[in-house]
Amino acid sequence: MDRSLRTALFSCILLLSLCVPSSLSQTCSSYTFSSNQVFSSCSDLPVLSSFLYWNYHPSNRTADIAFRKSGASTANWYVWSLNPSGQQMMGSQALLAFHNTSSLPTAYTTSINSMSPSMQQSNLSFQVSNLRAEYTSGDMIIFATLQLDDRLLSTNQVWQEGPMSGATFTAHSMDSANKASVGTINFETGTTVAGTARSSSKKNVHGVLNAVSWGVLMPMGIIIARYLKVFEVANPAWFYLHAACQSSAYIIGVAGWGTGLKLGSDSPGIKYSKHRNIGITLFCFATLQVFALLLRPKPDHKYRLYWNIYHHSIGYATIALSIVNIYEGFDILDPEKNGKRFTLELSYSWAPSQLSWKFSHGS
Ligand SMILES: *[C@@H]1O[C@H](CO)[C@@H](O)[C@H](O)[C@H]1NC(C)=O
Ligand SMILES: *[C@@H]1O[C@H](CO)[C@@H](O)[C@H](O)[C@H]1NC(C)=O
Ligand SMILES: *[C@@H]1O[C@H](CO)[C@@H](O)[C@H](O)[C@H]1NC(C)=O
């Protein structure tokens with residue numbers, strides 16, 4: 001096997017294996033509370049390594065909740081809140097936890113009514129009982145029982161964190177994660193948007209389908225066309241292999257694309273415009289390629305040369321864009337990188353045309 005072919009195949013395998021650990025990252029359901037409490041619903045919030053757990057009791061409209069921040073610092077404050085007025089800080093009915101001057105985790109409620117809140121203790125627009133904060137093995141957990149009403153059964157949630165300076169709360173940073181820490185929650189149906197257990201498994205399905213399609217099958221189809229075509233014996237087998245590879249890539253890709261659009265429409269507050277737009281462009285390119293296959297001129301036709309140029313350039317553009325988009329996808333799954341970085345170098349050497357590129361990310 002030619003060296004560059006090996007590189008390309010190896011890269012595909014590497015790409016696939018990278019998708020697995022990122023999709024099996026920590027989930028809310030695998031966590032056991034020290035007090036052995038069990039919650040029927042839980043949600044991996046999409047940013048700030050945060051998780052929400054709850055039991056909703058329809059008979060008295062109360063919800064027992066636990067908000068967990070993993071990898072919490074004793075020098076930070078943490079807030080989880082409901083905000084019927086919007087996906088924003090202003091108007092948030094918040095549960096606040098921090099380490100007080102005696103270095104003990106403590107929690108109280110605070111209603112955020114200004115753009116630079118002092119976060120002093122105040123009552124919320126609904127009743128909160130059994131409120132307490134617990135700090136165990138680096139996790140800050142806020143427990144509470146919320147008395148919900150119609151307006152609060154399906155509403156917005158906002159979570160946030162920032163540093164303390166002595167006994168004062170200082171402003172949180174304006175990183176992308178601190179801006180993306182909003183979503184919706186439906187206590188009755190047990191769903192949240194931008195972060196349920198269900199939606200994160202949808203994200204995984206989306207990621208795996210697309211990585212298999214765009215990251216593995218499509219480059220493999222190109223490799224087949226590129227390298228098997230030159231062998232007399234492989235003619236016309238290479239063509240059928242190539243067509244089969246690309247058609248299955250297209251079908252799987254369309255399924256992955258559909259799950260992506262569904263994820264997008266399920267998360268009205270959260271926009272990943274770049275990832276979405278590249279995804280739509282990729283879908284158009286791939287569809288063009290399918291048409292190109294159906295409308296290809298005979299090999300000896302005088303337009304066949306132009307068709308080849310067209311088919312190859314769209315094909316390479318698709319692969320280049322799909323690599324960019326897979327990385328965009330990784331960034332969405334893990335926006336904070338959490339200390340780990342995806343390091344990958346893809347190098348395809350398309351001998352004999354020597355079109356090659358290197359794509360690296362992180363360090
Ligand atoms: C609400 O109902 C649940 C179960 O029906 C019960 O366990 C809980 O104690 C009740 N809470 C209040 C505040 O009445
Ligand atoms: C710190 O928090 C603990 C637990 O909530 C509380 O018992 C204690 O009085 C607090 N200490 C101060 C100085 O606020
Ligand atoms: C908060 O509510 C409780 C009871 O609902 C009341 O006793 C207390 O005075 C209220 N606190 C403030 C600051 O309004």
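Order of listing sets the numbers, starting from 1, for every ligand and every atom in it. Every heavy atom of this structure was used, including side-chain atoms; hydrogens, water molecules and symmetry mates were not.
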- [ ] Run the numbers on Q93 and S111 for side-chain hydrogen bond (donor to acceptor under 3.5 Å, both in side chains), then give the verdict.
- [x] CA-CA 5 Å; Q93 303 296 303; S111 170; 3.3 Å; yes
Open item on the list: Applying a strict under-4.5 Å side-chain criterion to I, L, V, M, F, W and Y, I'd like to know whether I251 and V254 cluster together.
Closed with: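 Not linked; separate clusters.
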Task: Candidate with minimal heavy-atom separation from atom 2 (O) of ligand 2, of T106, N100, L104 - done: N100
Task: Option set S129, A63, S59, P58, criterion heavy-atom distance to atom 5 (O) of ligand 1, minimum - done: S59
For [atom], which protein heavy atom lies nearest, and how many Å away is it?
atom	result
atom 13 (C) of ligand 2	S102 OG, 3.2 Å
atom 14 (O) of ligand 1	N60 ND2, 3.1 Å
atom 4 (C) of ligand 2	P105 O, 3.9 Å

Task: D149 side chain vs L152 backbone, donor-acceptor pair below 3.5 Å - done: yes
Task: Backbone of S122 reached by a side-chain donor or acceptor of T109 within 3.5 Å - done: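 Here the side-chain-to-backbone pair exists.
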TODO: Show which atoms of ligand 2 fall inside a sub-4.0 Å distance from at least one heavy-atom site of T101.
DONE: 13 (C)
- [ ] Please check if a non-hydrogen protein atom sits closer than 4.0 Å to atom 9 (O) of ligand 1.
- [x] no
Open item on the list: Applying ring pair (Phe, Tyr, Trp, His ring centres under 6.0 Å) to F33 and Y53, what does each step give before you reach the verdict?
Closed with: CA-CA 11 Å; F33 288 91; Y53 304 80; 4.8 Å; yes
Open item on the list: Between F51 and Y31, is the ring centroid distance below 6.0 Å?
Closed with: no
